[in-house]
Structure formats: C-alpha cells, structure tokens
Visitor: 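Please read through the structure below; I'll follow up with questions.
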Amino acid sequence: MQLAEPLFKDRVRERDLDNFLIEELHASEPFRDWLLAHLGERFTVPSGCELKLHKSPPRYQDARQTDVRMGWFDASGSLRACVLIESEVTADFQPGQSEAYLQEVAAAARELGRERVASLLVAPASKLASLPEAELFDARVSIEAMAEALRERRGDVLPIEIDARLAIRIDLLEALCGKRSAGGWIGSTVAEKRDFAQQYAALAAEILPQLRVRPSSDGPKALTRSFEGLTLRDLPACQLRHEFGTGGAVKYVNALFSGCAHLSSAIAASPLLADSKYQAVPANKSLAIRIETPGIDPTASFASQYEAVVAGLGAVGELADWLRANQTALASLLAPEATPPPGPKVADPRAVERAFADALRQIYAECDRLGYKPVAMLQMVDRWGGIETARRLLASPPSDGFARLALMGRLDLAVESLILEPRWEGVFTDAERRTARARLR
C-alpha cells in the first residue's frame with residue numbers, strides 16, 4: 001500500500017510520538033520485546049504481572065511528568081517494575097529535566113530494586129547525538145530505528161489490515177524525524193508569546209533573583225508561568241504559578257499543594273489566613289493559596305503589559321516570602337495526620353532512612369535550581385543510603401560543596417543543617433550533631 005505523501009507533512013507533534021508508543025506497546029508484543037531489549041541486563045521483567053501503560057503520569061519526586069510509563073502490577077495491584085520513557089523531537093531538555101529522571105529512577109529503585117526500574121529516551125538520531133544529557137538514561141532508541149523495526153515486520157506474511165497499519169505508523173515516525181517534511185518539524189510555539197516570555201523571564205530574574213521561571217512551549221494554551229527555587233520543608237509538593245489569562249481584568253498568583261484539596265476549607269477558616277491577603281480554595285486535587293493580580297495578555301506587546309507584569313511578579317515574591325515565613329504553621333495544617341498519637345511510638349528505621357534520603361534529594365534539587373549540582377552527594381545516597389552518606393560527609397573535612405554553599409549564603413542547604421533539624425533527633429549521635437553545629441559556626 002502506498003500512502004499519500006502529505007498525510008503527516010508538517011502536522012506532527014511530540015504528543016503523536018507518545019500516543020504511538022502507548023498504542024504499539026499495548027498491542028504489539030514483538031515491538032514491546034524489541035524496545036525492552038535495548039535495556040539489556042539493566043532491567044528484568046517480573047513474571048506473573050500485568051503490564052499497564054500510563055501517559056503523562058505525575059512524578060513522586062517533583063511536579064514534573066513522565067511522557068510514558070510502562071508499569072508491571074501483581075495480582076494485588078501493587079507496582080512491581082516500571083520503565084520511564086521520555087520522548088524528545090525538537091526541543092532540548094528543560095533545566096534539571098534529565099537529572100529529575102535520575103532522581104525518579106533512584107526513588108523507585110529503593111522500593112522495587114534496581115533491576116526493576118529503568119529510564120529510556122526516544123528521539124530522532126540527530127537529537128540523540130546532540131544531547132549530552134542522553135547518557136543519563138539507561139538506554140536510548142532512535143525514532144528511525146523504530147521505523148526500521150516496523151518496516152522489517154512488513155517483510156513478514158501479514159494480514160492486509162495489519163500491514164496497512166504498520167505502513168501508516170512508519171509514515172508517522174518518518175514525519176516526526178522530518179523525512180516527510182520539506183521544512184522540518186514545525187512546533188506549536190506562538191511567536192508573540194515567545195518574545196513576551198523572553199522579556200518576562202528577564203524581568204523576573206531582576207525582580208525575583210531567588211526564583212527561576214520554568215521554560216514553556218509558549219504555545220496557544222500557555223497562559224501561566226511556573227517558578228522554581230522555592231524550598232518549603234515538611235510540606236507537600238508546591239507549585240508557584242503566575243496566571244496570565246487572556247487579557248481579563250483579574251487573574252491570580254497561586255501556590256498549589258498537590259493532593260490537599262480536601263483541606264482547603266480548614267485552611268480558609270484557620271487564623272493563619274484571617275489576617276492575610278490570601279485565599280485558600282480547591283483547584284482540582286490541589287489546594288491553592290492565592291492572591292488576585294491583574295490579568296495579562298501574552299500576545300500583546302510587552303510594553304503595554306509592563307505594569308501588570310510588575311504587579312504580578314511582586315505578588316509572586318510576596319507569596320513566596322509569606323510561605324517561607326509560615327511554613328511551620330502550614331505544615332501542621334496540611335499534615336494533621338502526621339501528629340503522633342499519645343503514647344510511645346517507635347519509628348520504622350527503613351521509613352526514617354527513606355525520609356532522610358528523600359530530604360537529601362530535595363536539597364540536590366534546590367541546589368540544582370541555584371546552578372550548583374552536588375552530583376557526588378547524589379551518587380553517595382544511591383550507593384550507601386541517606387543516613388550513611390551524612391555520616392561519611394561529617395567524618396570528612398568540609399567539602400568544596402560546603403564552601404560553595406557558604407559563599408552563596410545558603411548553608412541552610414548543607415547536610416549539616418539537615419542533620420540538626422528536630423525531626424532527625426535520635427538518628428545521629430550527640431557527637432555528630434556537635435560536629436555539625438561547629439562546622440556551621
């Protein structure tokens with residue numbers, strides 16, 4: 001069967017690759033086996049489990065999403081193994097995106113075992129060759145190789161319908177690689193929004209130097225800007241967002257706490273918000289603590305929206321400061337179940353270890369946002385665990401990383417500061433805590 005040449009020309013998007021992977025991995029065992037073979041001995045499929053595929057599932061470690069997740073579940077519905085698939089077509093990785101996959105794999109490996117978790121990058125061959133971050137994934141597969149694997153299947157004796165389906169999938173994959181498009185792949189970025197976003201990010205860097213604007217596609221539906229760099233300990237994952245809207249008079253700056261929508265009424269009625277300018281409302285499954293700001297039209301000239309942008313950025317900074325100042329009170333309101341019942345309670349050592357290791361990974365993520373990547377610490381956590389890593393760092397002279405944090409004025413991100421937090425009392429000896437205090441002084 002010969003397909004019409006312009007079927008996919010200039011009409012493919014990265015989400016088409018995600019949809020292709022979902023369908024092909026679900027329906028074709030030969031394709032599934034071929035793709036998993038690229039992981040070699042890094043990954044072992046568990047026996048007696050059901051494969052389920054998920055598109056854009058949320059991460060456990062941050063607010064990002066995985067493009068496609070292959071998950072193997074046992075009869076009780078518990079996850080026993082997973083492969084995280086990232087698909088890239090034209091865009092490069094966003095800051096910290098590839099490292100976030102490492103953290104997600106490490107977190108899952110602690111629960112499932114290292115041979116039960118893997119990451120896989122799918123992209124055009126030219127993109128795989130140009131992305132240095134590609135080496136951080138357990139395996140890399142080119143879109144061209146996938147098309148060739150399907151083409152080889154067409155050489156078998158197949159029913160007419162299956163052969164036709166393979167042909168159209170090959171055409172889609174080749175279009176994603178630009179082979180079917182004279183002008184190459186065309187993204188959905190709106191030029192006016194892109195220019196607006198660049199000026200917005202530059203102004204945000206001046207007004208809010210401790211925060212960073214997360215990159216966006218600047219497409220037709222891009223009507224918010226998210227900020228990274230806000231560290232709130234002992235609180236659920238928080239996303240700080242500035243809503244632009246489409247030129248309406250009023251929008252909001254939001255702090256979204258994942259999975260806490262059911263607590264919105266309690267927060268709204270608490271004394272914490274009584275004397276503040278903020279509101280607490282449910283936003284899908286999240287709790288939104290928000291403040292009104294002027295609406296913004298990101299397709300208009302930046303000069304015409306300048307005052308509204310400045311007002312919005314000011315509200316972002318004020319909300320971030322308020323959250324930092326009230327994080328202890330917020331923690332008690334957002335996690336009431338964390339309050340221990342009366343009487344003695346023995347902590348599970350494995351749970352304490354996981355919690356401390358997660359805290360170290362949160363420190364890594366915050367350092368990464370500041371432009372410093374303590375990769376050695378992350379590697380130590382994966383090798384020895386969180387608590388043993390802290391003890392080894394304490395037993396050694398202060399590291400270059402400690403000195404760098406001191407110069408940045410961010411010793412609150414040092415392992416020594418983490419050790420001294422009240423929640424880890426009893427985990428470290430008095431001598432270890434004295435060493436930590438002395439070093440911080």
Side-chain angles (χ1 to χ4, degrees), residues 59-62 96 99-114 117 136 210 228-238 324 327-328 331 335 338 340 344-441:
R59 302 270 185 86
Y60 297 104
Q61 300 301 300
D62 53 34
E99 290 84 356
Y101 267 90
L102 281 179
Q103 295 180 35
E104 189 74 1
V105 167
R110 291 195 302 275
E111 298 292 333
L112 307 174
R114 186 62 184 90
V117 185
L136 297 177
Q210 297 300 319
E228 298 177 331
L230 177 64
T231 301
L232 300 172
R233 295 188 176 175
D234 299 325
L235 285 170
C238 177
R324 293 190 190 99
Q327 57 186 314
T328 301
K345 182 179 179 180
V346 179
D348 179 357
R350 292 173 298 180
V352 173
E353 166 59 38
R354 286 195 299 269
F356 192 83
D358 288 343
L360 288 178
R361 290 186 174 85
Q362 291 175 13
I363 286 176
Y364 175 89
E366 177 61 16
C367 289
D368 181 28
R369 295 185 186 103
L370 298 174
Y372 164 48
K373 299 179 184 293
V375 177
M377 181 193 75
L378 205 60
Q379 292 172 338
M380 291 175 69
V381 173
D382 290 338
R383 182 174 181 181
W384 292 306
I387 295 173
E388 179 61 19
T389 292
R391 290 198 166 109
R392 287 173 181 260
L393 291 173
L394 273 181
S396 304
S399 65
D400 293 339
F402 183 91
R404 183 166 181 175
L405 289 173
L407 290 172
M408 294 166 64
R410 294 304 305 270
L411 282 179
D412 60 302
L413 297 175
V415 173
E416 289 78 1
S417 295
L418 180 64
I419 289 171
L420 293 175
E421 288 185 7
R423 55 177 166 159
W424 310 119
E425 198 162 334
V427 176
F428 298 94
T429 66
D430 290 342
E432 288 169 336
R433 294 170 67 85
R434 283 196 298 270
T435 299
R437 288 194 191 92
R439 191 169 292 179
L440 291 170
R441 286 197 294 268

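Along the sequence shown, residues are numbered consecutively beginning with 1. FYI, side chains are in, hydrogens and waters are out, and symmetry mates aren't considered; it's all heavy atoms of this structure. Quick caveat, the model's predicted, so the values are computed rather than measured.
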Visitor: Dump the intermediate steps for salt bridge (charged side-chain N to carboxylate O under 4.0 Å, His left out) on R110 and E353, then the final yes or no.
Guide: CA-CA 11 Å; R110 291 195 302 275; E353 166 59 38; over 6 Å; no
Visitor: Is any side-chain heavy atom of L378 closer than 4.5 Å to a side-chain heavy atom of P374?
Guide: no
Visitor: Working to the nearest 0.5 Å, report the span between SG of C367 and CZ of R404.
Guide: 9.0 Å
Visitor: Atom CZ in R439, atom CG in L411: separation rounded to 0.5 Å?
Guide: 11.0 Å
Visitor: Could you tell me the separation between the CD1 atom of I363 and the CG atom of D358, rounded to the nearest 0.5 Å?
Guide: 11.5 Å
Visitor: If you compare all heavy atoms of G386 against all heavy atoms of V381, which two are closest, and at what distance to 0.1 Å?
Guide: N-CG1, 4.3 Å
Visitor: I need the minimum non-hydrogen distance between F428 and R433, along with the two atoms involved.
Guide: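 Heavy atoms of F428 and R433 come nearest at O-CD, 4.0 Å.
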Visitor: Kindly give the heavy-atom pair with the smallest separation between V427 and R391, and that separation in Å.
Guide: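 Where V427 meets R391 most closely, the heavy atoms are O-NH2, 2.7 Å.
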Visitor: Let me confirm one number: the OG1-CZ distance from T389 to F356, rounded to the nearest 0.5 Å.
Guide: 8.5 Å
Visitor: Please report the interatomic distance CG(L370) to CD(E228), rounded to the nearest 0.5 Å.
Guide: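 So the CG of L370 and the CD of E228 are separated by 11.0 Å.
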Visitor: Check E366 with R369, please: is the shortest side-chain N to carboxylate O separation under 4.0 Å?
Guide: yes
Visitor: Does the side chain of T231 come within less than 4.5 Å of R324's, by heavy atoms?
Guide: no
Visitor: Once you round to the nearest 0.5 Å, how far does CG of L394 lie from CZ of R434?
Guide: 12.0 Å
Visitor: Report the C-alpha separation of D368 and R361 in whole Å, then their side-chain angles, then the decisive distance to 0.1 Å, and conclude whether the salt bridge (charged side-chain N to carboxylate O under 4.0 Å, His left out) test is met.
Guide: CA-CA 10 Å; D368 181 28; R361 290 186 174 85; over 6 Å; no
Visitor: Would L393 and M380 count as a side-chain contact (heavy atoms from CB on, under 4.5 Å) if you check the C-alpha gap in whole Å, the side-chain angles of each, and the deciding distance to 0.1 Å?
Guide: CA-CA 10 Å; L393 291 173; M380 291 175 69; 4.1 Å; yes
Visitor: For F402 and E416: C-alpha separation, side-chain torsions, deciding distance, then whether side-chain contact (heavy atoms from CB on, under 4.5 Å) applies.
Guide: CA-CA 9 Å; F402 183 91; E416 289 78 1; 3.5 Å; yes
Visitor: Looking only at non-hydrogen atoms, find the nearest pair between A106 and D382 and report the distance.
Guide: CB-OD1, 3.3 Å
Visitor: Before you tell me yes or no, could you show the steps for V352 and I387 under side-chain contact (heavy atoms from CB on, under 4.5 Å), namely the whole-Å CA-CA distance, both residues' side-chain angles and the distance that decides it to 0.1 Å?
Guide: CA-CA 9 Å; V352 173; I387 295 173; 4.2 Å; yes
Visitor: Apply side-chain contact (heavy atoms from CB on, under 4.5 Å) to residues E432 and I419 and explain how you reach the verdict.
Guide: CA-CA 9 Å; E432 288 169 336; I419 289 171; 5.6 Å; no
Visitor: Taking all non-hydrogen atoms of both residues into account, name the closest pair between A355 and W424 and its distance.
Guide: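 Minimum heavy-atom separation between A355 and W424: C-CH2, 3.7 Å.
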